[in-house]
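In what follows, a single structure is set out as structure tokens and then discussed.
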Number of protein chains: 2
Amino acid sequence: MTKKLSQLKQDFTEGLSQISRFWGFPKGMGAIFAVLYISPAPLSLDEIVEQTGLTKGAISTEVRTLARMGLVHRSSKLADRKDYYEAESDFYKSIRSILKERQNSEFDSAIRSVQETLKELESGSVSGDEAEVQFVHERIKALQEFFNAIDTLSKAVIKLESLGLGNVKTILSVLK
Amino acid sequence: MTKKLSQLKQDFTEGLSQISRFWGFPKGMGAIFAVLYISPAPLSLDEIVEQTGLTKGAISTEVRTLARMGLVHRSSKLADRKDYYEAESDFYKSIRSILKERQNSEFDSAIRSVQETLKELESGSVSGDEAEVQFVHERIKALQEFFNAIDTLSKAVIKLESLGLGNVKTILSVLK
DNA sequence: TACTATGTTTAGTAATTACTAAACATTCTA
DNA sequence: TAGAATGTTTAGTAATTACTAAACATAGTA
């Protein structure tokens with residue numbers, strides 16, 4: 001049995017919405033990305049409204065988030081004051097961009113708070129059962145080291161010119 | 001100025017709660033992990049209640065999730081029918097465990113739905129403007145390949161005996 | 001200038017998710 | 001067996017987040 005393209009597009013959009021939710025993003029965001037990703041030409045805000053069923057307001061804000069993450073790009077046509085949006089199709093590029101974005105996020109500020117805690121322990125200014133202080137100190141130090149490893153890794157990824165499948169395979173071969 | 005250990009523990013717990021939220025997990029889950037992580041001995045459910053302020057019910061369910069992810073372990077003492085919980089302190093081990101867990105999750109089922117869509121396109125059973133069908137086909141294929149790359153990578157990580165900081169550095173040096 | 005086309009912000013609503021309180025289940029002990 | 005100690009489930013509530021509708025802002029055009 002055959003299926004209409006329009007139906008297939010809708011199914012695809014539905015799928016990406018779920019994936020988006022899984023990653024902790026609004027499902028509308030996944031839908032917006034999906035319609036842009038499978039559109040041969042950039043779309044205007046109103047066209048996105050039409051294809052997703054969301055309102056202008058929601059799209060306006062979510063498309064900005066997507067742009068910040070490098071997953072979509074805003075462009076414009078001469079003599080047309082509409083904004084147009086298109087999806088980034090190089091996902092590896094997006095990943096780098098997302099990691100970069102993350103560095104000024106709340107995540108890092110939370111990590112810094114752990115760092116603070118560690119400093120207090122190192123300066124010896126924490127009172128309480130000696131052995132327990134010692135234990136807590138070691139644990140938090142280990143956690144901090146783990147965070148640093150992740151940080152190192154993600155910074156390196158950001159620097160990579162291209163993180164394609166080829167490179168992934170290279171990495172794996174090194175690790176046997 | 002000195003700080004009491006109890007206060008420091010609380011701050012640390014607060015910090016991990018936020019990190020937990022950032023990753024899309026309930027903040028209570030982060031708190032539970034935190035108190036276990038900095039406890040020198042395994043804790044019973046009631047002790048966790050005491051230290052987090054959450055109720056038994058919430059902890060009961062969230063500790064199960066944590067256990068499934070390999071972030072905490074349940075144990076018991078002879079002649080004591082309480083359950084005791086302790087945190088996994090090898091994070092690399094946890095990461096592998098989380099990735100493994102993920103493989104049977106909704107995430108993969110969503111990815112499979114994209115795979116379905118791709119199959120339909122490949123079997124030529126989609127009707128519509130030929131050029132557009134072609135375009136959509138290519139895009140979805142590229143997305144699928146990206147998912148596969150991630151999948152390959154995470155499967156490889158699962159297999160690693162130890163993914164310590166040392167190995168991370170090895171990877172990075174290969175990539176220049 | 002007023003009018004139109006566009007995008008953004010805002011205030012409120014709907015939907016979702018995290019959590020509580022309490023009923024329930026199970027197992028041990030007297 | 002009854003009672004106590006523990007853990008789980010459930011039904012409802014609180015908190016959070018996503019989204020809508022509509023007011024607003026801005027810039028272009030008649």
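A quick note: this is a predicted structure, and the numbers were derived from the prediction, not measured. Naming convention: chains lettered A, B, ... in sequence-line order (proteins, then strands); numbering from 1 in each chain.
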Are A:R21 and D:dT17 close enough that a side-chain N or O sits under 4.0 Å from OP1 or OP2?
no

When rounded to whole Å, the CG to P distance for the pair A:L43 and C:dT6 reads 15 Å

Rounded to whole Å, CD1 of A:I59 lies from P of D:dC19 at a distance of 10 Å

### Query
With a 3.5 Å cut-off and no angle check, do the side chains of A:Q134 and A:E130 form a donor-acceptor pair?
no

Closest to the side chain of B:D83, out of C:dT9, D:dG7, C:dA18, is D:dG7

To the nearest angstrom, the CG-P distance between B:L45 and C:dT26 comes to 18 Å

**Asked** Are the charged groups of B:E62 and B:K27 less than 4.0 angstrom apart, N to O?
**Response** no

A:R64 atom CZ is separated from D:dA18 atom C1', nearest whole Å, by 15 Å

Rounded to whole Å, NZ of B:K77 lies from P of C:dC28 at a distance of 18 Å

Per atom distances to the A:K56 side chain, the nearest of C:dG7, D:dT9, D:dG7 is C:dG7

When A:D46 and B:A79 are each assigned the nearest nucleotide of DNA chain C, the 5'-most assignment goes to A:D46

Rounded to whole Å, CG of A:D80 lies from C1' of D:dA27 at a distance of 14 Å

Which of B:Q115, B:E122, B:E116, B:E120 passes side chain to side chain contact (heavy atoms under 4.5 Å, CB included) with B:L118? Answer is B:E122

Quick one: label B:G28 by what it contacts on the DNA or RNA (base, sugar-phosphate, nothing), any heavy atom closer than 4.0 Å. sugar-phosphate

In whole angstroms, the gap separating C1' of C:dA5 from CD of A:E47 amounts to 15 Å

When rounded to whole Å, the CZ to C1' distance for the pair A:R74 and C:dT8 reads 10 Å

**Asked** For C:dT6, does either OP1 or OP2 sit under 4.0 Å from a side-chain N or O belonging to A:K82?
**Response** yes

Walking DNA chain D from its 5' end, the first of A:E62 and A:R81 to be reached, judged by nearest nucleotide, is A:E62

Q: For A:G24, answer base if it contacts any base atom (sugar-phosphate contacts may also be present), sugar-phosphate if it contacts only those atoms, and nothing otherwise; contact means non-hydrogen atoms under 4.0 Å.
A: nothing

The residue, B:K27 or A:L54, whose nearest nucleotide of DNA chain D is more 5′ is B:K27

Within the distance-only criterion (no hydrogens, no angle test), does the side chain of B:S20 pair as donor or acceptor with the backbone N or O of B:L16 below 3.5 angstrom? no

Take the angle between the ring planes of A:F146 and B:Y92 and call it parallel below 30°, perpendicular above 60°, tilted in between.
-> perpendicular

